[in-house]
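These notes concern the structure reproduced below.
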Amino acid sequence: MLFKLIGTGTDEVREKFVKDNLSSIPKGYKILDAGAGELRFKPDCDHLDYVAQDFGQYEGTGDEGLQTGDWDNSKLDIISDITEIPVENSSFDAVLCSEVFEHIPDAVAALNEFSRILKPGGILIITAPFASLTHFAPYHFCGYNKYWYQHHLTKLGFDIETLNHNGSWFSFIAQELRRTRFMGATYSSKILGSITRVAVIPIIVLLSLLSRQDRGSHEALCFNYMVRAIKKN
């Protein structure tokens with residue numbers, strides 16, 4: 001069973017974290033979905049006063065990396081730079097920012113803006129990759145480990161309640177090995193990529209066995225970190 005699962009399921013873990021945290025926010029709280037894109041989590045905010053913000057410039061196509069093909073910006077409430085959101089100070093009880101920071105040139109400035117627009121005691125929910133393939137280019141800049149959050153959130157007056165990792169070095173490598181067929185077809189030889197996809201199966205089995213005795217390989221590499229923080233009074 002573990003062989004079948006290793007290197008998969010990262011999206012499910014992240015989505016569960018976000019949805020569980022959204023469900024815990026009291027009914028009627030005003031939440032900003034910062035970098036909302038196509039409003040993926042709006043259905044999970046039915047009990048909240050939901051506002052969607054995004055810069056609205058990504059259209060699904062680009063010259064490099066992974067692209068979606070199309071992208072719908074038509075349902076956004078606010079179109080603005082994430083570092084300059086046109087609302088008053090302390091406008092929101094909560095801010096969600098999921099899988100967005102890697103697409104921001106200055107993520108610290110975004111944190112500063114979240115601090116400005118959150119009320120004292122406000123809830124901040126963030127997920128972002130520690131490592132990922134280039135996607136949504138040219139709007140892709142970097143990844144984030146736990147030390148980045150610990151440094152900047154504390155400096156900006158947030159208490160970190162949760163800082164969870166998603167996956168491990170073993171699962172990350174397994175994921176990329178599973179992607180061999182796609183990468184071969186996209187960037188090299190489709191035939192060789194397919195052969196390699198089969199050839200790496202023994203390595204994935206070994207990674208599965210290694211992961212059973214994992215002693216903290218996420219410290220070196222994982223998919224992403226998932227954060228819940230509270231703005232101090």
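Computed from heavy atoms alone, side chains included, the values below leave out hydrogens, waters and symmetry copies.
- The minimum heavy-atom distance linking Leu48 with Pro26 is given by the pair CD2-O, 3.3 Å.
- Here the CE-OG1 distance, from Met183 to Thr196, works out to 12.5 Å after rounding to the nearest 0.5 Å.
- Side-chain contact check for Ile117 versus Ile85: some heavy-atom pair is nearer than 4.5 Å.
- Contact check for Val227 versus Ile125: no side-chain heavy atoms found under the 4.5 Å cut-off.
- From Asp70, atom CG reaches atom CG of Asp72 across 8.5 Å, with rounding to the nearest 0.5 Å.
- The shortest non-hydrogen separation linking Asp49 to Gly28 is CB-O, 4.2 Å.
- Sequence neighbours left out, the pairs with a member in residues 95-121 that pass salt bridge (Lys or Arg N to Asp or Glu O under 4.0 Å) are Arg14-Glu99, Asp93-Lys119, Glu113-Arg116.
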Kindly determine whether Asp81 and Thr83 satisfy side chain to side chain donor-acceptor pair (under 3.5 Å), including the steps that lead there. CA-CA 5 Å; Asp81 192 299; Thr83 65; 2.7 Å; yes
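- Expressed to the nearest 0.5 Å, how far CG of Leu76 lies from CG of Asp33 amounts to 9.0 Å.
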Apply the test side chain to side chain contact (heavy atoms under 4.5 Å, CB included) to residues Leu96 and Leu32: give CA-CA distance (whole Å), side-chain angles for both, the deciding distance (0.1 Å), then the verdict. CA-CA 6 Å; Leu96 167 65; Leu32 179 72; over 6 Å; no
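- Evaluation of the ring pair (Phe, Tyr, Trp, His ring centres under 6.0 Å) test over residues 71-107, restricted to residues two or more places apart or in two chains, returns Tyr58-Trp71, Trp71-Phe136, Phe101-Tyr144, Phe101-Trp148, His103-His135, His103-Phe136, His103-His140.
- Considering every non-hydrogen atom in both Asn224 and Pro129, the closest pair reads CB-CA, 3.6 Å.
- Using a 4.5 Å cut-off on side-chain heavy atoms (C-beta onward), Ser115 and Phe158 make contact.
- The closest side-chain donor-acceptor pair between Ser211 and Asp214, if any, does not fall under 3.5 angstrom.
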Given Val13 and Met226, is the side chain to side chain contact (heavy atoms under 4.5 Å, CB included) satisfied, shown in steps? CA-CA 10 Å; Val13 171; Met226 305 171 292; 4.1 Å; yes
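- Between the side chains of Tyr225 and Asn166, no donor-acceptor pair is found at a separation under 3.5 Å.
- Shortest non-hydrogen contact noted between Leu118 and Ile123 is CD2-O, 3.8 Å.
- By the 4.5 Å heavy-atom criterion applied to side chains, Leu124 and Lys231 are not counted as neighbours.
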For Phe114 and Leu156, run side chain to side chain contact (heavy atoms under 4.5 Å, CB included): C-alpha distance rounded to whole Å, both residues' side-chain angles, the deciding distance at 0.1 Å, then the answer. CA-CA 10 Å; Phe114 297 163; Leu156 288 170; over 6 Å; no
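- Using a 4.5 Å heavy-atom threshold, the side chains of Ile31 and Val51 count as separate.
- Gln67 approaches Asp63 most closely through the heavy-atom pair NE2-N, 4.5 Å.
- Side chain of His47 to main chain of Ile25: a donor-acceptor pair is present (N/O by atom type, distance under 3.5 Å, no hydrogens or angles).
- Looking at Asp159 and Lys232, a side-chain N of the basic residue comes within less than 4.0 Å of a carboxylate O on the acidic one, giving a salt bridge.
- Side chains of Ile78 and Pro86 form a contact here, defined as non-hydrogen atoms less than 4.5 Å apart.
- For Ser168 and Ser171, the side-chain atoms include at least one donor-acceptor pair closer than 3.5 Å.
- Partners of Glu161 under the side chain to side chain donor-acceptor pair (under 3.5 Å) rule, at least two apart in sequence or in another chain, are Arg228.
- Atom CZ of Phe141 and atom OG1 of Thr134 lie 11.0 Å apart (nearest 0.5 Å).
- More than 12 heavy atoms of other residues, nucleotides or ligands lie within 6.0 Å of CD in Gln57, so this atom counts as buried by the packing criterion.
- Atom CG of Asp20 is separated from atom OG of Ser24 by 8.0 Å, given to the nearest 0.5 angstrom.
- Nearest heavy-atom pair across Tyr149 and Ile160 is O-CD1, 3.8 Å.
- Here Ser194 contributes atom OG and Leu192 contributes atom CG; the two are 9.0 Å apart, rounded to the nearest 0.5 Å.
- Within the 4.5 Å cutoff, no side-chain heavy atoms of Ile104 are placed close to those of Phe55.
- Looking only at side-chain heavy atoms (C-beta outward), Arg197 and Leu177 stay at 4.5 Å or farther from each other.
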